[in-house]
Novice: 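I'd like to ask some things about the structure below.
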Amino acid sequence: AALRKTARSVRRRLEALQAAPRWQRGCTEGDAIDIDAWVRHRAACGPGQSPFGEPTVYCRTVRGQRSLATLLLADLSLSTDAYANNEQRVIDVIRDALYVFGEALHATGDAFEMLGFSSVRRSHVRMQHLKGFEEPWGADALARVGAIKPGYYTRMGAAIRLATRHLQVRPERQRLLLILTDGKPNDIDVYEGRWGLEDTRHAVQEARSAGLSPFCLSIDEEAHDYLPLLFGKQGWAHVRHPAELPVRLAAVYARLVQRAARA
């Protein structure tokens with residue numbers, strides 16, 4: 001109940017983003033001339049030659065449904081049992097973020113899935129199903145989100161690879177992979193240290209090669225030491241105050257959607 005006001009605010013923000021007009025390029029007529037397209041068109045004609053056919057050098061504003069699928073991957077390792085502030089543990093903050101995000105995306109109609117993960121060595125990577133793409137955001141999904149609890153370790157590369165397989169088969173044009181975490185990749189075997197970092201970096205590269213847009217939000221104060229290596233300069237964000245994670249998650253989602261629409 002305490003999160004309903006935040007959920008409504010986030011929902012309105014994402015609904016407004018969905019309704020916002022976008023530019024459609026490559027038109028034979030429209031609201032404005034696309035200067036780059038015009039220059040390319042003239043250059044293709046050659047010196048002293050007249051353009052053939054109708055030039056597709058205009059752009060116009062259109063409204064329409066976006067083609068977007070999102071998979072939210074939540075770190076449920078044992079470290080999330082630590083307190084983020086005087087009142088909430090990290091796992092509580094992650095649960096709040098999942099709830100607010102689910103309420104908002106349910107209202108917009110965008111396809112989304114939620115998974116949690118933890119691990120004990122490479123042979124036991126636990127993937128917790130919270131909500132599937134084809135499943136409604138209802139009582140069952142809410143109960144699973146409400147029941148999340150800290151697990152073991154953070155074999156992030158393996159979790160990202162499974163999430164990539166789930167997301168890459170989606171038919172939507174834009175596919176976002178969002179990761180929530182409170183620390184660096186680790187496990188009790190050789191995954192601790194450089195091995196885990198390199199494995200996760202390769203998993204992120206594989207996701208990008210599959211046409212996905214991975215992005216990581218972390219509440220770890222040392223995130224700037226290793227997340228640029230894993231996700232690149234533009235592929236991560238540090239949430240300084242953990243209680244702000246639900247709102248920051250929505251802000252990152254809105255920015256990624258706008259960036260993808262311009263691409």
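Numbers here are sequence positions counted from 1.
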Novice: Is there a side-chain contact between Phe231 and Ser218, using heavy atoms and a 4.5 Å cut-off?
Specialist: no
Novice: Could you walk me through whether Leu167 and Phe133 pass the side-chain contact (heavy atoms from CB on, under 4.5 Å) check?
Specialist: CA-CA 9 Å; Leu167 191 53; Phe133 277 116; 3.5 Å; yes
Novice: Heavy atoms only: give me the nearest Leu98-Met114 pair and the separation to one decimal.
Specialist: O-CE, 3.1 Å
Novice: Any non-hydrogen side-chain atom of Lys131 less than 4.5 Å from a side-chain atom of Trp137?
Specialist: yes
Novice: Do Pro242 and Val90 have side chains that get closer than 4.5 Å, going by heavy atoms?
Specialist: no
Novice: Under the rule for salt bridge (Lys or Arg N to Asp or Glu O under 4.0 Å), what residues qualify as partners of Glu172, not counting sequence neighbours?
Specialist: Arg170
Novice: Would you sort out whether Asp96 and Leu245 count as a side-chain contact (heavy atoms from CB on, under 4.5 Å), showing the intermediate values?
Specialist: CA-CA 8 Å; Asp96 290 353; Leu245 182 61; over 6 Å; no
Novice: Testing the basics here: between Glu244 and Val239, what is the closest heavy-atom pair and its distance to 0.1 Å?
Specialist: C-CG1, 4.3 Å
Novice: For Arg155, give me all partners under salt bridge (Lys or Arg N to Asp or Glu O under 4.0 Å), at least two apart in sequence or on another chain.
Specialist: Asp187, Asp189
Novice: Just to verify, what does Asp92 make a side chain to side chain donor-acceptor pair (under 3.5 Å) with, not counting sequence neighbours?
Specialist: Arg89, Arg95
Novice: Report the distance from atom CG of Leu256 to atom CD of Gln234, rounding to the nearest 0.5 Å.
Specialist: 10.5 Å
Novice: Ignoring hydrogens, what is the shortest heavy-atom contact between Leu76 and Gly116? Give both atom names and the distance.
Specialist: CD1-CA, 3.7 Å
Novice: Let me check something: do Met127 and Ile179 share a hydrophobic cluster, defined by ILVMFWY side-chain heavy atoms less than 4.5 Å apart, either directly or through other members?
Specialist: yes
Novice: Taking everything shown except Trp195 itself, do over 12 heavy atoms lie less than 6.0 Å from its CH2?
Specialist: no
Novice: Is any side-chain heavy atom of Leu72 closer than 4.5 Å to a side-chain heavy atom of Leu105?
Specialist: no
Novice: Linking I/L/V/M/F/W/Y whenever their side-chain heavy atoms sit closer than 4.5 Å, directly or via other members, would Leu197 and Val125 fall into one cluster?
Specialist: yes
Novice: State whether a side-chain donor-acceptor pair under 3.5 Å links Asp182 with Thr80.
Specialist: no
Novice: In Å, rounded to the nearest 0.5 Å, how long is the span from CG of Asp110 to CG of Leu68?
Specialist: 5.0 Å
Novice: With sequence neighbours left out, write down each residue that passes ring-ring contact (aromatic ring centres under 6.0 Å, His included) with Phe117, or none if nothing qualifies.
Specialist: none
Novice: As an exercise, state the distance from CG of Leu176 to CD of Gln174, rounded to the nearest 0.5 Å.
Specialist: 7.0 Å
Novice: When you compare the side chain of Thr181 with that of Met156, does any pair of heavy atoms fall below 4.5 Å?
Specialist: yes
Novice: Minimum heavy-atom separation for Gly151 to Arg126, with atom names?
Specialist: CA-NH2, 3.7 Å
Novice: Please determine whether residues Leu130 and Leu73 belong to a single hydrophobic cluster, defined as Ile, Leu, Val, Met, Phe, Trp and Tyr linked transitively by side-chain heavy-atom distances below 4.5 Å.
Specialist: no
Novice: Does the side chain of Leu217 reach to within under 4.5 Å of the side chain of Leu249, using non-hydrogen atoms?
Specialist: yes
Novice: Could you work out, with salt bridge (Lys or Arg N to Asp or Glu O under 4.0 Å) as the rule, every residue matching Arg144, not counting sequence neighbours?
Specialist: Glu135
Novice: Applying the side chain to side chain contact (heavy atoms under 4.5 Å, CB included) test to Pro185, which of Leu230, Ile160, Asp199, Asp75 qualifies?
Specialist: Leu230
Novice: Walk me through it: do His224 and Trp236 pass the test side-chain contact (heavy atoms from CB on, under 4.5 Å)?
Specialist: CA-CA 9 Å; His224 61 276; Trp236 67 281; 3.8 Å; yes
Novice: Taking the side chain as everything from C-beta on, heavy atoms only, tell me whether Val204 gets closer than 4.5 Å to Arg208.
Specialist: yes
Novice: Just verifying a value: how many Å separate Glu222 CD and Leu227 CG, rounded to the nearest 0.5 Å?
Specialist: 11.0 Å
Novice: Considering the options Phe112, Phe101, Phe215, which one meets the ring-ring contact (aromatic ring centres under 6.0 Å, His included) requirement together with Tyr253?
Specialist: Phe101
Novice: Applying side chain to side chain donor-acceptor pair (under 3.5 Å), can you list everything that pairs with His106, at least two apart in sequence or on another chain?
Specialist: none
Novice: OG of Ser209 to CD of Gln168: how many Å apart, nearest 0.5 Å?
Specialist: 10.5 Å
Novice: Should we count OH of Tyr58 as having more than 12 external heavy atoms under 6.0 Å?
Specialist: no
Novice: Rounded to the nearest 0.5 Å, how far apart are CG of Leu71 and CG of Leu177?
Specialist: 6.0 Å
Novice: Any chain of hydrophobic side-chain contacts (each under 4.5 Å) joining Val100 to Ile91?
Specialist: yes
Novice: On a heavy-atom basis, which atom in Pro214 and which in Ala207 lie closest, and how many Å separate them?
Specialist: CG-CB, 4.3 Å
Novice: Output, in order, the C-alpha distance, side-chain angles, deciding distance and verdict of side-chain contact (heavy atoms from CB on, under 4.5 Å) for Ser119 and Tyr152.
Specialist: CA-CA 6 Å; Ser119 66; Tyr152 299 100; 5.9 Å; no
Novice: What pair of heavy atoms forms the shortest contact from Gly183 to Asp220, and how long is it?
Specialist: CA-OD2, 3.7 Å
Novice: Tell me whether the count of non-hydrogen atoms from other residues, nucleotides or ligands lying under 6.0 Å of CD in Glu198 goes above 12.
Specialist: yes
Novice: Can you tell if the side chain of Leu142 reaches within under 4.5 Å of the side chain of Tyr99, non-hydrogen atoms only?
Specialist: yes
